[in-house]
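Here the structure is laid out as structure tokens; the discussion comes afterwards.
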Amino acid sequence: TGLYFPQNEYTETVYVGQPAGAQILQVHAMLDLDSERPHFYLCWSSLRLYSSWFHLDVHTGILSLNKTLEESDFISTSELASLLMCIPVSVPALVVREERSHCINRNALRITLDFVNASLPQCARTDMKELCFPHRDTSNPHIKENRFPGAIRQLRRLTRVNVCPNYTISYSVESESPAPFAVNENTTELVVTAPLDREESECYRLLLVCTVRTDSVITKVETSLDVFVNDEDDNAPYVNGTDMADIVISFNRTKGGSFGTLLVFDRDLTPLYQIDKSHNKYVGTLLSSDPWINKTFDIKGTFREKKTAPGGIRETVHEYQLVLKRSLYVNETRTLQLDYLVNDTTYPGLEGTVLLHFNVTVLPVHVRFANITQMFTVTRRASVYAQVGRVCVENCQQFDGFSITYRLEVPDKNASADLHSCYSAVSITQAPDAMWGLLYVNDSEALRRPECQDLQYVVVAQEEHTQQETSMQIHIILDEGETETETACFLSCAENRRRGDCESVRGLGATTGRCQWRQGTEKGISESYSTCSPDLRTCPDSFCDAVESKDASICPQDCTKEPVIGGHERGLGNGIKAGYGTCYCYSEKCFCEKEDVEEVICDDMCK
Amino acid sequence: DSELGPPGWREPLDCVRASELCNQNSQCSSRYRIMRQCLSGGDKERSAMLASKECQGALEVLQDSPLYDCRCKRGMKKELQCLQNYWSIHMGLTEGEEFYETSPYEPIHFSEEYRHASIISDSSLSKMSPCSEAGKPCNPCLDAAKACNLNETCKRLRSAYNSICSKATPPQPSLANQEPCSRKRCQKALRQFFERVSWELSYPLLFCSCPDQACAERRRRTIVPSCSHQERHKPSCLELRHTCRSDALCRSRLADFHMNCQMTPHTVTSCPHDNYHGCLMSYVGLIGSDVTPNYSDSSPSNITISLWCTCRGTGNQERECDAFHRDFTHNTCLKNAIQSFGYGSEGGTLLVTEPSSTFLPPAQPPIISKPAPSLHGNAVKPMDSACMFSTCANLQDGGQKCIPSDEYECEEALLAQGSIDSQ
Amino acid sequence: RRPKPCSLRELELTVSELGLGYESDETVLLRYCSGKCTAHRRNYDITMEHMMKTGFRKKGRKDKVSNGPCCRPTAFEKDFSFLDNKSRYHTIQNVSAKNCGC
Amino acid sequence: RRPKPCSLRELELTVSELGLGYESDETVLLRYCSGKCTAHRRNYDITMEHMMKTGFRKKGRKDKVSNGPCCRPTAFEKDFSFLDNKSRYHTIQNVSAKNCGC
């Protein structure tokens, strides 16, 4: 990468009357290769008018004045303007003529000079701190690890060198823990004396001590300086623990599913931001030529930064998981070992790779019912859309990646026509992504016919892709109870606003034949609002299930998309999650309001 | 061509007018066209192109054109075009990404009307606010909501951004990590609110002073942060800055915030030219952009502002990342400006002169303001300590350690201040 | 004296005081319609008044009718958003009238 | 049960029974609007209901407001002519509703 600047911002103040030749500051460059020698050149980012005022020593990097600064020079700088200069650094081979070149596209740093329209403070009015240390700039040196010793900063305030001629100023550096830094007494430069290792310490907290001796007094002034160590890819990846994961794929076999986790550590940093420009780039390769494996599996790699326990040095943790590229069929079964090569591509050494092993067992899924037969009870008074019960093949709740469809069949195909018509009483439905079937009353009139006694169905479950089927007997017991005069017309329970009306009505989906009233107890807008429901077990429950979505009047409390008037909170997609007082719904609108609402019509106030 | 005179000595034009003038001048317009081509490529091609002879030549000419120091006005007609013109030349003038960029907006002058109004708004608010009635719970943020609700424009635009920002997007299983709301529409509605509603009504909603946590939580929720500020994946702060700087409006608002809210040692308030209103105005200018700041908690007294981003995983750039984020989280100028608005600029504002941190980026290095020590100390007399945060502490034990240091104010900074005022 | 005609009225109150069930101390300007519409009555209204007094009863009808045009909002203010006392935003529609008519 | 919604109703009666003061035994089919508009209410109406009960009183207001949309004719049958009992012709407008709405 070549020479680099430990510090890419310098700031200093210049005054009227500072003479030509006066030193302002010194910039430094660090070596990347031992053979390099930095040469410093001035270039301009803007305001090039001042190019002739300054001189930069090509070897030492000391910036000094080419002319004495007069009062008139400060008129053009209307306010505390700063002059931006940059110093490209180059290896000897590339000789760059010092001309009005622009800083564009150069390995440049920025110098900001504040023009102060006043003369340089004399010794009596310069305090020790000003004398001792450069302008309090705030950029801390950043040194690359594993590089060469060298000067990183001029400690002396060059603009104040001649302000107090009879003072002698010397510097020393201290730190709580041993740190490879020292001061070059002749040049008063802070020097790093040995290559650094970021994995050992990311930052050195130094204490710079300036000793000012006059004939009678010795004054020590201290300031702290943080020197940061930049990382490079000098550590190979390693496994801390196991490099093998045993994975069993059974019920959940959906595309995108991820299984098992293997960790690979790297003591270097891996920046998330501007990932392409960063170092420590990892590449993974799935070592398999088996087409089935390549079309079925992939490995997903993610990484995060972690701080080690002692010292809190940052390092990287890479996580690798097996991922399904497609959903597996229920009958696919296989056992395999999958090797994955992790390669730290930017690690120069030889051992920059780690091999991970995923032992994978794909089990088939047997679609079957847990029982041979299942019983359900429904009252003959149940309304149409009343929910009878739920059927589900074994482990259906854990299935993912394939779909099961359910259908009802009449066991005795050549039963009489009358008997056949009884079987229209119950039907089955299913939500698009659900793995279970919902039994519901499809024909309430058939339910009530005396000749329709206990109903026996066969429920068939079929796996969509393999067409694998399984079936089970279901026995629906019709609970007699006192039958009522037949009313073909079912209203929506939700329209009723009072307990009396509610419990006297036969509403759509009412499992007992009558709507059920829920009395809210809380003040204000609450999830347990008062309402009239076909079946308080499933409505309202903030979920518009497969039966409820067949007709908006069954359970608008869960399913409505229409406006809701009055204090309420909407459910995530639709329905009423919370309401004020009593919530009731007509086909076009729902209301939530306090219960004691008498019917008041416009009478006298309309006169 | 008086308007094409040398830079620095002519009245700066707005960049729409400046580019019109440039296009009327054959020499200028051809160079301007070249410059736009130089800047058209991505980052990599751009720096290579800019080093070419033609681009250098174009740059030289454009530095003498009105485009060089043109500026834009907030809320002006064709504001976005003005800002695009500004960056179309200034991206060429700076090499690489500067930490602080010069704001394209004209400097905000401390409006007497603001100082006067902020006293009135405090007193008029206090008349309306329950705070003046003894015994009644005091919630200036609630009073601000009341003042807004009683103003047609404010109420309408507040309801507009609110209904957009609070509307949860229905979950779609197909979208992997779908955002909880339509963030872009929400941010646009927020920008419209702050652009069209007068600051006397919008600022109190944002900068009301809070005696308790409920009030502070109301203040925090003013911009519906769950939609406008937060997002499901927390990006790196440098990534946030990069996204912002690839949009002319956001880049301008960020530069403006840095220009007007950047802590400076040369003033008591830590704000440039002691201009609180300028800082607040540029802070509000960020709301609804990619870099939307917000209160990070609902503590009534200790105001902490942050962006929705992290500096974890930024490798060697962690310091720069921290420095960028600390301009929001540890900004004494911003804190003072908010408190001064909330408690009334004449109120007993507790000027926070918290020390700046060592890793603040350069430009105007902040110095801790403390009485300059006497010269004739004898032997070693460590100065009384001021607190200094440092990322070394961050790195070593993951926490912000307060390290005593003995930095103190540069004498010439006082002189410098003196020299500025005398002009 | 002619009864006050149907017109838009204003009242400042808190959101809680609207009676919709929301708990919020935010203040809102409620606009509503009130006043008489007597000047807008037609033959129909006179007939309805008569039928309500005697006519319907004689015909064995119990219907209830409005015996005159109502003073009602002809347009509503669209959305009104506020923060409730648990710092949650709500947006409600058609609470405040924009203008009135008979 | 859901209250009977606002709809057009009919009633046969003599012109004299209209209560407009005409004496005529001619029979007329009077159409009028009756029924509930509860399904058309808005937040405004719920608020007005609350204000009429307690809200206005607390604020010292005595305004009367209609707390719900009224079931009213949205169009009238134009003219109706008849011969009174003194064999004189009369034509009256807007006595009978053509259709109703809330």
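First the proteins, then the strands, lettered A, B, ... as listed; each starts at 1.
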Please find the pair of heavy atoms, one from [X] and one from [Y], that lie closest to each other, and give the distance.
{"X": "R319(B)", "Y": "V229(A)", "result": "NH2-O, 4.4 Å"}
{"X": "L269(A)", "Y": "G315(B)", "result": "CD1-CA, 3.6 Å"}
{"X": "R312(B)", "Y": "K307(A)", "result": "NH2-N, 4.4 Å"}

Handout entry: Counterpart residues, ring-ring contact (aromatic ring centres under 6.0 Å, His included), relative to H318(A) (two or more places apart)
Key = Y282(A), F303(A)
Fill in the blank from the handout: CD (E232(A)) and CG (N316(B)) are apart, to the nearest 0.5 Å, by 9.5 Å
Handout entry: Test side chain to side chain contact (heavy atoms under 4.5 Å, CB included) applied to K255(A) - qualifying residues, sequence neighbours left out
Key =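 With neighbours one apart ignored, the set is S327(A).
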Problem - Pairwise side-chain contact, E318(B) with R314(A), heavy-atom cut-off 4.5 Å (strictly under) - result: yes
